[in-house]
Each structure stands twice: as C-alpha cells, then as structure tokens.
Number of protein chains: 2
Amino acid sequence: MSANYLAGPQGLLWSINARAVLDVIDREGPLGRPEITRATGLSKTTVAQALRELVARGAVEEAGADTTRRGPAATLYRIAPRCALALGVDIGHLRIRAVLVDAVGETLAQAETRAPRRRVADTAAAVAALAAECAGRAGTEPGAVGQAVVGVPAVVARDGRTVRRAYGLPQGGRGLAEAIERDLPVPLLLENDVNLAAVAEQRFGACAGVADFVLLGVGVGLGAGIVLGGRLHRGFAGGAGEVAFLPHPATELGTEVLGARRIAEQARRAGIEGSPSTREIFDSARAGDERALAVVDATARRIAHVAASVALVIEPELFVLGGAFGASADLLLGRIRRHLARDAAPLPIRIVASGVPGDPVLRGASWLARHRARERAFAAAVGGRPHETAAGGPYDVATGGPYDTDLAGAGKGDIT
Amino acid sequence: MSANYLAGPQGLLWSINARAVLDVIDREGPLGRPEITRATGLSKTTVAQALRELVARGAVEEAGADTTRRGPAATLYRIAPRCALALGVDIGHLRIRAVLVDAVGETLAQAETRAPRRRVADTAAAVAALAAECAGRAGTEPGAVGQAVVGVPAVVARDGRTVRRAYGLPQGGRGLAEAIERDLPVPLLLENDVNLAAVAEQRFGACAGVADFVLLGVGVGLGAGIVLGGRLHRGFAGGAGEVAFLPHPATELGTEVLGARRIAEQARRAGIEGSPSTREIFDSARAGDERALAVVDATARRIAHVAASVALVIEPELFVLGGAFGASADLLLGRIRRHLARDAAPLPIRIVASGVPGDPVLRGASWLARHRARERAFAAAVGGRPHETAAGGPYDVATGGPYDTDLAGAGKGDIT
DNA sequence: GAGTAGGTCGGAAACTTTCCTACTCGGAGT
DNA sequence: ACTCCGAGTAGGAAAGTTTCCGACCTACTC
C-alpha cells in the first residue's frame, strides 16, 4: 500500500548483509570466509552466521578448502549451482534452439529442432518439447526451471508476453506466451531477439563494462538492441530500436532501410541474376565479384546511415555489428567506417564486430533467464528469516532493494 | 577499495530509517509523528528518535501543530527550508537569469542581466554577480549555496564542466566552469539547456510521472532533452539529443534540419521579403499570412520528421514541444500531428505542448541544483551518527545507496 | 470518557569486539 | 634427517553495544 520507503526492522539488516555475502561470493568465485569478511567489511562472526544460514537454505554450498595459505585450511564457499535453473530459447525463422543452464552459468543441456511454420500451438509445443529434452538430459524435470526466456523475432511489449509485429511468427498478441505457459508451466518472459543479442554482447562479448551501447542486428531485417546505463532500453511499448524504418534519403517513408528483401532488390539493380540469397551475395563479394561488392557497399552505407542517426539521438559509447550478417563483419566493418567518416557525423562513432561466439540470441536468453531465476532464488534465500515478524515491513528485498530487476514496471525513476 | 557491497553495521539501519523518515516528510509535506509512523512502518519510538536527531542536525524542523484530530495536537514536521540553498542559472543568448531557491523549492530571489558577448571571464563575472545579488536579497551570502547548476546552450560532457560546440558561448573546454568557480566558489554543474528544460517538464510540466519522454526544444537550433527511466540521458559525451543533424531527405548531410537560419532560408524561398525574425514570421502566420503559414508548416514537417526518427530509436511515451518557439505550440502542434499521421510512423506518437510556465531552463536548473544540494544535505544529516565507530563500513549512504545521484560516473549498471 | 499524542522502560534482535582453541607451515636445533 | 616450536591463520564462543519494538503510562482535547 504505502510506497516503498526502505525502512525496516532489524531483520532487514540480516537481509542486507546476507545479500552482500551472496554477491561477493557470486562475483569473486569460490571464496574463503576471511576473504568474504574483508570484502564485505562485516565481522567474521556475522559472516559465519550468514554463511550457515545461506548454506542451510541451499543458496550457497561448500567448495573444498583453500590450502594456499599456511595455517588451517579455509573452507571455500560458492553459489550452489543447482539453486536456480534457467532455460534460454531462441525462436528463429528456421530453427528453435534451447539451452538449460544452472545458477553459475554452466550449460547442462542443449537441444534444437525445426521451427514449425503455422500455428502458435505447434511452436509452443516445440518449445516445451525442447525444454523436456534438456531437462531429461540434465537429470531434472522441466518444472524445476526457475525462469524461461524466449527470444522471438518480434516486438515484445514490456510485460514480456505481448507480441507485436511478428516477422514470421505465427501471430501477435499474447497467444504465444500463453500457449508456452500451458505446455511449460514455469515463469516465462518473451523478449525481442536483437535485445537478447545485446545482452549477450554485454555479458560475453564486445561490450563488457560498456554502459551505453547499441547492437545493430543485421539479418532478415535490421534492428537495434539498445543498452543504456547498463540496462536494456525497450521503449514505451517495446518498440525501441526499430531502426529499419528510419527515414533514408533514397527510400520512401514507411519502408525498411535494410533487410533481406532490400538487399535482393539491390542485387537485381546491380545486375546480379538468379536472385541469389544474401549469404550467396556476400560469398561472391568475398570472392571478389564487383557487382556483389557494390551491393555490400550499399548495405554498409545504409548501416552507416542508421548508425549515424542513432548516434545523434542517444550517442552510445559503442556500436556493435551483429545479427545473421554480423558474421560478415570482415566485409562490412571497414566500409561502414568509411561511410561514417565521409558522410556522417559531427561526432565520432566507434563500431566493432560482435564478440559473442555461437548463437548470441540463445546466450542472451539464457543469461537473462539465469539472472532472473537467480535473483528470485537469492531473494528467497535472503528475505524473511523464519523468526521474523509475519507483518513484514514495507521493505521487501525481493523487489525493493538496489537489486530491482523488474521488467514490467514503468520504472518511474525519481532521479535525474 | 573494495567495491560497494551494501553491507554494514547496525548504524546502517539508523541511516536507512532516518532517510526513510526524511523522504516521507519530503514527499507528503508537513506531517505528524503518527502519520510518519504509519507511512514508514517503523515504530513510533524509532520515529521519535529519528526526528529528534534530524531536528538536531537541522534537516527537519517543527512546523506547528495538527489540531484536526481530537486529543492533543500532533507536532508537525517539515524539511527545514534553509538546510540547503540552490542556485539555478540560465545562460541564454541574450540574457542571463538566476534564481535562488531553498530546500523546499521556494524562490528566495531572482535576478537577470544582459549576456556579455565575448569573454568567458565576463560571463563568469556576470553569473557571480547575479548570485551575489540573489544572496543579498535573500539575506545570505553566495558561499551558502549548496549547489549551482548553470544551463548553457551547448553540449556539456558528463563531468558537468567541459563544454563542446558552444553556440554563441564564448568558447569550449573547461574554461567557463573554472572561471565561474573562481568567482563563485560553490559546487558547480554545467548542463545543456534543453536537458534542463526536460527536467523542468518532468518536475513541473507535462511529464510528471512519465518515465520516458523527449523534449523537443525548438529555438535557435533544434535539440532534444531525453529522459529515460526517469533519468536524463546525456549520452557518452553529453551529445545525446543533437537531433538537428539527423539526416533529412531535403537536406544535405551535416547541416541542420531546423533552426533560426533554416527558417529564415525557407522564408526567403517562400517569397517573404525583408528577412523577418522567426518570431515575426510566426506572428504573421497567426495573423493568417499564407506565405508565413507555409513556412510554419514546413517547420512543423521537419519537427515531425525528427520526432518520428527519435521515436523509432527510443520510442518514448511522450514528446513535448518546448524551447523558444514552444510558445508557438498553437500553430505548430496540430500541423506536426498531421504530418506525423500522414508520413511517419508504424507506431503512434503522442506530442503535447510544454506545461512549464516561465523559463523552463531556469526552472530545470534550479530544480536540479536543489535536488543535488538537498541530496548532499540529507546524506550528511543521515550518515555517520556521532557515536558511530570511526571505522565506517564499506557502505556509504551519501553515494552508495539507492539514492545515488552521481552524474559524473559512467554508471556501469549491472542489471538488464 | 473515548481517542490521540508523546514519553519511558524492558526485552529482543543483530552486529562487533575480544578471547580462545586448533591447525599448518617453516625454520632452527639436535 | 628428524623433531620441536613459533608465527600466522581459521573457526568458534562469550560478553558488550547498538538499535528497534511492544507495552505501559501520562496528558490533552473533543
């Protein structure tokens, strides 16, 4: 009822300190008690108490002993890998991939299948089947998954369930989310695929430690995953980053600047016959075909144009070239930089190639799923000690603290 | 050294609870003890203790008694207005305005002067003189100001001191900040004027409670103040929102889409003679002059174009039309909406007129200055009880808590 | 007299300091 | 080469401190 004023009883201190212990262990790997004491600034008595409780609750477990120092061996502690399971799914145009990871990010199982074309129910069933397959291989069951994040090639509203403008997806609305939840009853979040690729870039790729960057995903369409202040920026209705529709001098308003269709059109215009796929055009270009190179250059120019426009609006620290044709960075990057240098910008623009190996969408999905599953598990382990008053102050560590991961909320921040 | 893990001794609880009390009083005006007790969820003993301490430290003061209920009158408490003074300054092309406000936002004094043209030292001296004038009228001295925020028509780096691309400002670099600080030795922050107008819009205008919005400032140039998640988005080097350079079909790259110069050019093209000022053109248009109306319409079209581009990148909830010609919203708004509906957008775009009376830049500057001055005063009042151990845990309420208002830091957030 | 404001006191919870035991490594002495 | 002992470290327990809370009491006004 009353807003969250972050006031609380003494039990609050325990939550705060237990959480601090958890965070230290999480960041700095297996750690001995003395090191945790130093890192948190707490007394060793308190740390010992917190560790006992966290182990009892299953969030932390012992991990051998540290014998590097002299004296008695220090017990090491680590996050319990099984305290949270997470499922990442990438629904692409051709394939659906899934990966099951544990709380420390270890891959437990992977699976993939052909993407069914038509019906939402088929897609949902495929996702559930992959989840079951992964769970089976990992020796657990699908219901044990603490969070599933599903990447889709569509605009997803901030509720993480409503889908708009679904390129190639069966249909819009909340149908897909509900169908998946029926078949796979675990906490679910849909997310735009480019956004997830951006998350992957932030966690595993070229943008570690960069607070503001934009991932340009070049694939069937062109989309941007925008990270500002270390957080995904989704826009009011999830439509941020739909940069394919940015006005371009050579393109009518309301049509896409770039995408497979437009590349094909340019290929025709360049006199390339037989309507080859984009991949084939890039391969030809790499082999030195002049006309294909012209198409590549035109593509690079349009990407540069989009990057310049985006930069003028939000001025990120870095652009990353990703997506299906991020693999063609060798061809594109230099040309994009040249166009940027020539045409664009009163401000310098840095652009680099994606640094994420494998399927970035899948990695982003599994990272986000893991983050959320773990956040929930941690909050449960830290919140509400058994002997706390049932009333529960207005403070709730699960959502109120500085660890807020709420995605749905409007996030009416108060700070400028 | 060790990162901030938000762990702390018992004194931390006092900080948290005192801060909660302070926040409640701040938000809900003068309040009696029982109401504070209810709002914070703390016990009345604790609240009483906190209030005693806060009053002793000067952050809170008594404000009469509440006799509406029966029984003994409840003592009311409010934020002590004088616990923080703040100075807002708007350095415009023609005039420099300053306003001195207290901790609760009351205007204590205002002053203005002609903007000196050439030298940085003159500008700085003018600012200091205005500050002295305000302080004198308010019965205090300039040194008592807890924070000064100076709005400038230029790009300001995230350090709040380095100026780039200064339209009409004497020169770039850190010269201005340093000169002002010499003449007026108080905590100083320079900020882009359009950004400050956006802050004003958020606090006093059309965007109260809107987390994501963009203020389009139409004046000598065109700039955007971007608020995302309730926070100003400044960009990597403070250059976010330089939307005047967005590519436009009818404009060569690298030139501004809109601004006084371009409006004049359009007026010439429309056959208007005598090179009238923008204001005169708008006045003619309001009087029904066809050619002037054409210029206005062209202006509206360009604003719509910019808004559409911005929306495709960040999809704010709302656009606000402000700046020097925000006053001409009656002429522009309908036309902008018409152009948006026609040309633009796969997504709907809401745009409204500014809701801030007076000088938005000045109001934004004084709000931000007040916010920062108060934040510092509150942190001081809440942090470090006298009888606390000198050691001091790694937790620091001043900067570490959920009340972080750091502007300079890169803000390497960890949450997606 | 009922309802409310404000104060005080004792108890409970949580953190810290201090003291103590146990363990291991390494060097010195036999 | 073996043994012994001191220094440094890990872990635990007890006492002390700080803080919050509930309960009781007084005083005030309708």
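The chains referred to below are lettered A, B, ... by the order of the sequence lines, with proteins before strands, and numbering in each begins at 1.
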With five pairs defining each end axis, the helix from dG1(C)-dC30(D) to dT30(C)-dA1(D) comes out bent, to 10°, by 0°
For Arg82(B), the side chain to side chain donor-acceptor pair (under 3.5 Å) test, sequence neighbours excluded, returns none
From CZ of Arg19(B) across to C1' of dC20(D) the rounded distance in Å is 21 Å
By side chain to side chain donor-acceptor pair (under 3.5 Å), Asp26(B) pairs with (sequence neighbours left out) Arg374(B)
Its contact letters, B for base, S for sugar-phosphate only and - for none at protein heavy atoms under 4.0 Å, make nucleotides 6-13 of chain D read B-BBSBBB
Practice problem: For the pair Gln202(A) (side chain) and Gly230(A) (backbone), establish whether a donor and an acceptor sit closer than 3.5 Å, ignoring hydrogens and angles. | Solution: yes
Whole-Å distance, Leu13(A) CG to dC20(D) P, equals 9 Å
Those residues at least two apart in sequence (or on a different chain) that pass side chain to side chain contact (heavy atoms under 4.5 Å, CB included) with Thr107(B) are Val99(B), Val101(B), Gln110(B)
Contacts satisfying salt bridge (charged side-chain N to carboxylate O under 4.0 Å, His left out) that involve residues 139-149 of chain B (not counting sequence neighbours) are none
Here the distance between atom P of dC15(C) and atom CG of Leu12(A), to the nearest Å, is 10 Å
Please determine whether a side-chain nitrogen or oxygen atom of Thr67(B) lies at a distance below 4.0 Å from atom OP1 or OP2 of dT29(D). no
Q) Looking at Asn17(B), does any N or O in its side chain come under 4.0 Å of the phosphate oxygens OP1/OP2 on dT19(D)? A) no
Hits for side chain to side chain contact (heavy atoms under 4.5 Å, CB included) against Thr45(A), two or more places apart or cross-chain, chain-then-number order -> Ser43(A)
Sorted by chain and residue number, the side chain to side chain contact (heavy atoms under 4.5 Å, CB included) partners of Val60(A) (sequence neighbours excluded) come out as Leu22(A), Ile25(A), Leu51(A), Leu54(A), Val55(A), Tyr77(A)
With sequence neighbours left out, the residues meeting salt bridge (charged side-chain N to carboxylate O under 4.0 Å, His left out) with Arg70(B) are none
Leu42(B) CG to dA13(C) C1', in whole Å, measures 15 Å
When rounded to whole Å, the CD to P distance for the pair Gln10(B) and dG16(D) reads 16 Å
